[in-house]
Amino acid sequence: MQSKFILIAGGTGLIGKRLADYLFEKGYNIGVLTRNPIASNHYYWNPEKNEIDTSVLEKVTHLVNLTGESIASQRWSVKRKEVLVDSRIKPIAFLYSYVSQMTRLQHFISASGVTCFDVTNENKIFVESDPFGVDFLSKVVQQWEKKADLFQSHCLVSKVRISPVLDSKGGIIHTMKKPILLGLGSSLGSGNQWMPWIHQKDLSALFYHIITQQLEGVFHAVASNNTNKEFTSTLAKVLNRKIVLPNLPKPMAKILFGEMATLLLDGVQISNSKIIDSGFVFQFDDLESALYQVVG
Ligand SMILES: NC(=O)c1ccc[n+]([C@@H]2O[C@H](COP(=O)([O-])OP(=O)(O)OC[C@H]3O[C@@H](n4cnc5c(N)ncnc54)[C@H](OP(=O)(O)O)[C@@H]3O)[C@@H](O)[C@H]2O)c1
């Protein structure tokens with residue numbers, strides 16, 4: 001049997017680095033596509049410039065796409081919104097234009113997001129087959145997943161709707177930890193909005209499960225759903241701090257963050273039944289234990 005080679009586009013990021021290490025430990029050969037190669041298994045590409053080191057393509061059995069500019073790092077100007085969409089859609093289209101050179105390709109697995117549903121429906125638990133919402137992020141996810149489906153004519157395609165990832169090295173914990181440590185932490189808006197989440201170890205294991213079980217389609221990568229208030233107070237507890245400030249009012253959050261405030265103020269419950277029914281077992285599904293593991 002020929003060895004499996006997993007090429008991770010965007011494999012230098014928060015999720016990609018963890019995934020590359022996890023899959024390497026499982027015995028896979030790993031390559032990373034990056035605009036700034038610095039390691040021996042890094043291969044240069046730049047989708048915006050239509051440039052790629054094609055020498056790696058004939059080896060690839062599994063292609064994982066984790067590209068995309070950060071959703072939460074800047075306010076969403078018209079220009080920024082274009083960047084958020086383009087940095088997700090164009091790399092997939094660019095990869096697809098080389099699919100004929102990936103003669104061993106069996107499976108294309110793309111990152112996607114859980115922020116794709118009607119945020120006004122707080123009581124519903126959304127499953128993978130529910131319709132998309134109509135806000136900006138829902139439209140981003142819809143276009144992202146549609147582009148991934150290009151690969152369906154060549155191999156299995158999976159789209160992993162990732163929820164905020166709990167990781168000591170960055171992401172949501174990094175952002176929320178700072179004000180709490182300074183005694184300036186508070187819940188946002190009503191505090192009752194839902195925050196689905198997943199521990200980084202479970203996320204890597206979930207990608208591995210999809211690869212080994214050869215699963216196709218859309219999957220929610222969500223360990224559990226907690227409210228913003230529960231999340232903030234549990235993180236404060238784990239950090240040995242107290243939340244003393246009142247909730248940041250919704251209009252204030254909108255002034256501070258603009259349209260991007262939707263990431264903080266609007267959240268719905270996301271079902272993980274589909275991936276569990278496929279045999280996946282979450283190692284971390286209790287928020288407090290997961291947070292202790294990450295920051296404790
Ligand atoms: N972290 C989370 O909590 C979370 C939650 C839901 C969804 N996601 C999604 O999962 C994916 C990975 O997330 P992450 O947290 O690992 O992100 P990250 O740390 O920001 O890494 C993203 C990677 O994408 C590459 N990239 C960015 N813009 C690109 C472009 N225009 N062309 C080619 N490559 C580009 C970068 O690689 P180089 O600079 O090396 O080229 C970077 O390493 C993203 O699409 C993100 O939206 C993440």
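Counting convention: from 1, in listed order, for ligands and their atoms alike.
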Original post:
When you look at R88 and E69, which way does the salt bridge (Lys or Arg N to Asp or Glu O under 4.0 Å) test go after all the steps?
Top reply: CA-CA 8 Å; R88 284 169 175 74; E69 289 288 338; over 6 Å; no

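Residues meeting the side-chain hydrogen bond (donor to acceptor under 3.5 Å, both in side chains) test with T34, sequence neighbours left out: none.
Residue pairs that meet the salt bridge (charged side-chain N to carboxylate O under 4.0 Å, His left out) test with at least one member in residues 264-274, sequence neighbours left out, do not exist here. Among residue pairs with one or both ends in residues 47-76, those qualifying as ring-ring contact (aromatic ring centres under 6.0 Å, His included) are W76-F136; sequence neighbours excluded.
Cation-pi contact between K124 and F126: present, with separation from the ring centre below 6.0 Å and deviation from the ring axis of at most 45°.
Listed as neighbours of ligand 1 are G10, T12, G13, L14, I15, T34, R35, W45, P47, E48, L66, T67, G68, E69, S87, R88, P91, A111, S112, W144, I162, S163, P164, V165, each bearing a heavy atom under 4.0 Å from the ligand.
Between H220 and F117, the angle of the ring planes goes over 60°, which puts this pair in the perpendicular group of the 30/60° scheme.
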